[in-house]
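Notes for the one structure printed next.
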Amino acid sequence: MSVTLTGPAPSPHAGSAGLRTAFAVATGVSLLPFALALAGHPVGSGWVALAITFAPFTLFAMLYIWATYRGTHPGIKNDDITRGHFTGRRTAGILLGVVLTGLYTVLYFEGEWLRSVYVLLDPLSHLLRDRPADQWFLYGFLYTLAVLIMGARMFWRYRHNRYQMWRTASVMFFQLGFAFLLPAFLLAMQQPEFYFTYFWPLKPDYLFPSYWSYLWSQPGGVGAFMLVFGVAASFILTPILTFYFGKRWYCSWVCGCGGLAETAGDPFRHLSSKKYAAWRFERWSIHSVLVIITALTIWLWVGEGEAVQTGKKWYGYAVGMVLSGIVGVGFYPLLGSRVWCRFFCPMAAILGIFQRFFSRFRITTNGDQCMACGNCSAYCEMGIDVRAYAMQGKNIVRASCVGCGICSAVCPRGVLKLENGKTHADRYDGAQNPLATLLRSLKNP
Amino acid sequence: MFGRKKGGPGSDRHLVIIGNGIAGVTTARAVRARDKKCRITMVSGESLHFFSRPALMYIYMGHLTERDTRPFEDWFWKKARIERRQAWVKFIDVDAKRVDFADDSPSLEYDQLVIATGSKPNKFGWPGQDLARVQGMCSLQDLANLEAVTDQIEHGVVVGGGLIGVELAEMLHSRGKRVTLLAREKSYWNNALPEAEATLVGRVIRKGGIDLRLSTELDHIEDDGQGRACAVHTKDGERIACEFVGLTAGVSPNLSALEGSKIPTGRGVLCDLSLRTQVPDVYAAGDCVEFVTPEGQRNIVEQLWYTGEMHGEVLGRVLCGEEAAHDRGIWFNSAKFFDLEWHTYGEVPPSVGATPDLQTLYWQPEDADLAFRLVLRDGRLVGVNALGIRYRHKVCERWIADGLSAEQVLERLPEGNFDPEFFRRYEPAIVRSFREQLR
Ligand SMILES: Cc1cc2nc3c(=O)[nH]c(=O)nc-3n(C[C@H](O)[C@H](O)[C@H](O)COP(=O)(O)OP(=O)(O)OC[C@H]3O[C@@H](n4cnc5c(N)ncnc54)[C@H](O)[C@@H]3O)c2cc1C
Ligand code: SF4
Ligand code: SF4
């Protein structure tokens with residue numbers, strides 16, 4: 001029986017360190033054409049230039065990921081995360097944050113600066129949209145590329161966990177199909193560039209009177225269909241799906257912001273603050289944005305004049321650009337991957353209210369098996385102190401939970417399970433009467 | 001959670017708790033929930049902060065920061081008015097009701113005292129066990145010591161085939177060290193796992209990259225001439241060169257705080273089931289407790305997170321004048337061996353195959369590291385073992401409490417599964433296999 005292994009044991013990172021370093025360097029070097037383009041010197045034009053700028057980077061990034069997970073056993077791979085250059089809030093991570101915030105700032109406020117980069121995408125833009133590229137097409141392209149590359153990483157990383165694989169496949173599909181290709185195709189067909197995966201209030205225009213008259217005026221009824229879809233998505237689809245599945249059906253399966261957070265943001269998820277103070281701030285901030293956008297939408301319908309247009313413009317700057325982009329994504333390496341979703345997204349606020357009070361979704365805890373290690377809380381991107389509930393053997397029923405399932409995946413004692421129950425009423429004390437509980441929670445927040 | 005109402009029910013006593021692990025903390029919270037007034041002081045030499053001891057490995061592996069392992073933020077203790085002090089207790093004077101410290105921090109006078117000092121690693125008098133680069137893996141200090149020598153380690157030897165042994169092996173391995181794990185038994189941890197499971201776990205450990213040597217005993221540790229370990233020698237006469245030796249051959253109650261005191265001890269602090277020691281106003285909880293059982297049975301020491309918590313709950317009630325006694329109920333436990341999770345409920349004795357009054361059904365597929373076992377006595381369920389499949393605690397407990405028959409369990413099996421959504425379900429295969437075995 002006693003088998004003795006001789007010779008050196010395989011290194012824990014079986015995806016050999018040498019290959020990883022080589023591919024990391026290659027990935028870095030292959031950013032050169034992109035950097036040149038940023039500096040105003042694209043390598044040329046046409047398909048070849050496009051390929052030279054983006055293909056090597058994609059290839060080497062994928063090879064790096066492959067080398068990282070090659071030969072490892074399926075299972076949780078969190079070694080060295082707290083010490084990582086990018087993941088441990090060290091210099092590299094801070095620099096990355098600076099670069100990302102910088103790129104977002106330029107994109108929103110000085111988009112023309114990116115002309116020398118986005119012209120590279122002209123062939124693709126002509127093919128898909130029948131028009132030249134602009135900074136928004138560049139943004140959508142890079143965003144989708146990030147979701148796809150880092151989505152592939154999720155597949156390798158969580159290949160033991162089918163919930164993660166399905167969820168990742170879903171966000172990749174919706175990003176590529178519904179947030180990138182379909183809007184481009186609609187443009188090519190001379191139709192409004194409509195995103196079927198974004199609803200009011202995340203995409204507030206969809207209920208703005210000006211956008212309605214624009215849609216309504218479209219020939220062929222496509223615009224009218226979009227108008228109806230937009231309303232139905234916000235007021236019918238969302239409540240029903242959230243009742244049955246929790247907010248996860250949207251936040252970690254469909255949404256593009258969530259899609260980026262769950263793929264490109266995965267290495268940073270543990271950086272979210274777990275402090276009680278952060279939760280308090282979150283409840284005020286996210287519901288404030290919801291109140292503001294609701295008020296603004298109503299105001300746009302009933303009022304007119306300069307003030308309301310100014311309000312609309314400022315909401316666009318403050319929420320649409322600064323909070324969702326510059327802070328929301330730029331701060332990944334500092335505050336974790338869900339800053340926008342957790343503190344500011346008005347859609348998450350609505351979904352959260354449903355989830356907390358009127359949904360069948362909950363995370364159940366496995367009796368008394370929790371030994372308080374804290375992996376669940378640490379890796380919760382929404383900063384939920386999952387452990388606080390697990391230690392008491394209580395269900396986790398929190399407005400902000402996006403149902404990513406990572407807490408359940410990382411728990412070394414198998415304590416957590418995401419479930420859609422048979423009823424909404426057995427999840428917490430007072431769940432039988434959600435309205436009363438909601439009102440009570442408003443009285444003493 | 002803790003009423004801040006002034007003048008609530010309570011007393012003016014001072015409760016001092018030595019040890020801020022799960023047992024001490026649970027006691028403090030349980031008392032505060034019932035007595036809003038009394039003064040509570042919790043002391044520990046290891047850390048000011050309550051942290052999860054089972055999470056030590058994740059700090060070293062870089063999954064968690066030390067702060068992540070603390071279940072409560074600092075404001076919590078203020079709000080609950082639980083005073084904390086970091087200091088080592090040197091002496092307990094039960095006549096003067098006073099606790100003295102090893103440093104110059106002022107002594108504390110108590111009205112009631114709780115000893116919740118946990119465990120310390122076993123050392124069996126192996127020659128060389130006190131050399132540098134030889135240590136156990138139980139405390140933050142152990143972790144700091146290991147971190148300090150990590151750069152010197154190329155090859156580590158871990159001695160002891162239990163749960164902490166495999167954890168320490170995984171820790172070293174995650175930092176790129178070669179690891180040899182010595183276990184006396186002929187299959188891994190077979191004093192807790194039945195033979196089949198023990199063999200499976202051993203295989204998983206080897207697959208994880210550990211050089212597991214079964215049926216191998218430590219003889220002595222070699223000194224490199226500078227007071228540091230440089231090799232271990234086994235009883236078979238083999239010499240294994242290494243720069244680090246981890247001793248994980250079990251733990252025993254830590255009684256250092258009781259030295260010279262009048263509190264009676266055996267293996268641990270001797271207690272009745274209400275956690276009273278044999279000295280008035282002195283109580284104990286957690287790993288350090290040794291329950292005195294009547295009728296000449298072997299005394300019980302429970303060294304688990306869960307039992308520490310249970311002790312704390314009971315003691316909190318006892319300290320507030322309620323009648324309460326420890327009843328550990330239907331046994332349960334869990335662990336993780338590299339990527340293999342283990343849940344166990346009820347009675348699954350390692351000798352299950354050879355115990356005449358027990359029947360057992362066992363399933364283990366060819367192509368995956370999974371196993372599932374039911375144990376029955378007189379046709380009624382008494383135990384469940386699940387490796388690589390999560391099973392629900394409360395459901396298994398109910399099945400055992402209700403004494404279901406094998407057939408009844410098989411009908412209900414899917415209810416017990418706790419794996420995440422979309423995971424492959426093995427219940428059909430398990431049921432098929434068990435029906436065949438029953439035939
Ligand atoms: C590496 C490891 C992994 C584990 N994994 C698991 C697991 O997965 N599941 C499980 O159920 N159990 C596990 N355990 C066991 C579990 O951690 C213990 O049962 C539990 O922590 C005991 O709690 P306690 O409160 O009794 O003591 P402890 O948590 O040990 O706390 C005792 C405290 O008292 C302090 N103290 C002792 N003497 C003095 C003194 N003289 N003066 C001042 N302070 C003093 C100590 O410094 C310590 O902080 C594990 C243990 C270890 C070491
Ligand atoms: S609680 Fe769990 S499922 Fe919900 S967001 Fe946090 S990690 Fe994801
Ligand atoms: S990860 Fe699991 S064991 Fe650890 S604190 Fe969370 S629920 Fe408890």
Side-chain angles (χ1 to χ4, degrees), chain A residues 1-6 8-14 17 73-76 78-84 88 160-166 270 274-277 364 366-375 377-379 385 387-388 391 393 405 408-410 412-420, chain B residues 22 51-55 58-59 61-65 68-73 75-76 173-176 178-180 186-187 199 206-216 304-306 309-310 332-336 338-339 341 343 390-394 396-397 418-424:
Chain A
M1 175 61 232
S2 177
V3 188
T4 305
L5 271 183
T6 46
S11 129
H13 305 293
H73 294 287
I76 288 304
N78 285 341
D79 290 351
D80 292 330
I81 294 249
T82 57
R83 293 182 281 263
H160 60 292
N161 188 314
R162 290 202 194 168
Y163 183 75
Q164 297 307 326
M165 306 237 281
W166 277 110
H270 59 290
K274 312 306 182 297
K275 291 209 179 96
Y276 183 64
T364 33
N366 198 4
D368 303 325
Q369 292 278 23
C370 173
M371 43 80 177
C373 68
N375 274 293
S377 297
Y379 286 91
D385 190 359
R387 165 175 56 194
M391 282 175 71
S408 158
V410 296
R413 294 295 177 271
V415 177
L416 303 163
K417 178 168 159 69
L418 283 64
E419 292 188 84
N420 309 311
Chain B
I22 182 67
F51 66 95
S52 168
R53 197 168 299 286
Y58 300 110
I59 302 175
M61 290 165 72
H63 296 204
L64 300 175
T65 62
D68 290 331
T69 68
R70 299 182 201 161
F72 301 104
E73 290 179 57
W75 58 259
F76 174 86
H173 188 260
S174 80
R175 299 284 285 265
R178 287 198 294 134
V179 184
T180 300
K186 76 180 209 321
S187 50
T199 308
R206 288 205 172 108
K207 268 196 198 169
I210 304 299
D211 169 19
L212 171 62
R213 313 270 182 103
L214 295 167
S215 311
T216 308
L304 290 174
W305 183 263
Y306 325 110
E309 193 171 2
M310 287 175 172
F332 65 96
N333 200 4
S334 56
K336 193 172 180 185
F338 283 77
D339 292 314
E341 288 174 20
H343 285 172
R390 295 176 175 179
Y391 258 70
R392 287 179 198 264
H393 182 187
K394 294 298 164 193
C396 293
E397 204 174 71
F418 198 68
D419 274 338
E421 294 153 297
F422 300 108
F423 271 43
R424 198 168 143 195

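A quick note: this is a predicted structure, and the numbers were derived from the prediction, not measured. Chain letters run A, B, ... following the sequence lines, proteins first and then strands; every chain starts at 1. Note: hydrogens, waters and symmetry copies are ignored here, and every other heavy atom, side chains too, is used.
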**Complete:** When the 4.5 angstrom heavy-atom criterion is applied to A:Ser408 and chain B, the contacting part is both
**Fill in**
Assert top hit (heavy-atom pairs under 4.5 Å, partner chain B, pool A:Gly367, A:Ala409, A:Pro412) equals A:Pro412
**Item:** side-chain contact (heavy atoms from CB on, under 4.5 Å) partners for A:Ala388, two or more places apart
**Value:** A:Asp385
**Fill in**
Heavy-atom closest pair (A:Gly414 atom, B:Arg390 atom, distance to 0.1 Å) is CA-NE, 3.2 Å
**Request:** Taking all heavy atoms of B:Tyr306 and all of A:Cys370, pick out the closest pair and write down the distance.
**Result:** CE2-O, 4.2 Å
**Message:** Check whether A:Arg387 reaches the backbone of B:Arg70 with its side chain - one donor and one acceptor, N or O, closer than 3.5 Å.
**Reply:** yes
**Message:** Less than 4.5 Å to any heavy atom of chain A: does that hold for the side chain of B:Glu341, its backbone, both, or neither?
**Reply:** side chain
**Request:** For the residue pair B:Asp339 and A:His160, confirm or rule out a side-chain donor-acceptor distance under 3.5 Å.
**Result:** no
**Asked** B:Tyr391 versus A:Asn366: any side-chain heavy-atom pair under 4.5 Å?
**Response** no
**Between B:Glu309, B:Arg53, B:Lys336, B:Glu421, the one whose heavy-atom pairs under 4.5 Å with chain A are most numerous** = B:Glu421
**Request:** Could you tell me whether a side-chain N or O of B:His343 sits under 3.5 Å from a main-chain N or O of A:Arg413, the two making a donor and an acceptor?
**Result:** yes
**Message:** So which residue, B:Phe422, B:Phe418, B:Phe338, B:Phe51, ends up with the most heavy-atom pairs under 4.5 Å with chain A?
**Reply:** B:Phe418
**Item:** Under 4.5 Å from any heavy atom of chain A - which part of B:Ile59
**Value:** backbone
**Message:** Using side-chain heavy atoms (C-beta onward) and a distance below 4.5 Å, is A:Lys417 in contact with B:Pro420?
**Reply:** no
**Request:** Quick one: which of A:Gly88, A:Gly374, A:Ala372, A:Gly75 has the most heavy-atom pairs under 4.5 Å with chain B, could you say?
**Result:** A:Ala372
**Request:** Would you check if the side chain of A:Asn375 reaches a backbone N or O of B:Leu64 as a donor-acceptor pair within less than 3.5 Å?
**Result:** no
**Request:** Would you confirm whether B:Ser52, through its side chain, and A:Met371, through its main-chain N or O, come within 3.5 Å as a donor-acceptor pair?
**Result:** yes
**Request:** Could you tell me whether the side chain of A:His73 and the main chain of B:Lys207 form a donor-acceptor pair under 3.5 Å?
**Result:** yes
**Item:** Euclidean distance, B:Arg392 CZ relative to A:Thr364 OG1, rounded to 0.5 Å
**Value:** 5.5 Å
**Message:** For A:Asn161 versus B:Phe423, what's the shortest heavy-atom pair and its separation?
**Reply:** OD1-CE1, 3.4 Å
**Request:** Could you tell me which portion of A:Lys274 (side chain, backbone, both or neither) has an atom closer than 4.5 angstrom to a non-hydrogen atom of chain B?
**Result:** backbone
**Request:** For A:Tyr276 and B:Trp75, indicate whether the former's side chain and the latter's backbone hold a donor-acceptor pair under 3.5 Å.
**Result:** no
**Message:** Looking at every heavy atom in both A:Asn78 and B:His63, which two are closest together, and how far apart are they?
**Reply:** O-CD2, 3.2 Å
**Item:** Over all atoms of both residues, closest heavy-atom pair of A:Arg83 and B:Gly62
**Value:** NH2-N, 3.4 Å
**Asked** Can you say whether A:Met165 sits under 4.5 Å from chain B via the side chain, the backbone, both, or neither, judging by heavy atoms?
**Response** neither
**Residues which pass side-chain contact (heavy atoms from CB on, under 4.5 Å) with A:Asp368, listed by chain and number, not counting sequence neighbours** = B:Phe332, B:His393, B:Lys394
**Asked** Which answer fits A:Val415, side chain, backbone, both or neither, if we ask what part of it has an atom under 4.5 Å from a heavy atom of chain B?
**Response** backbone
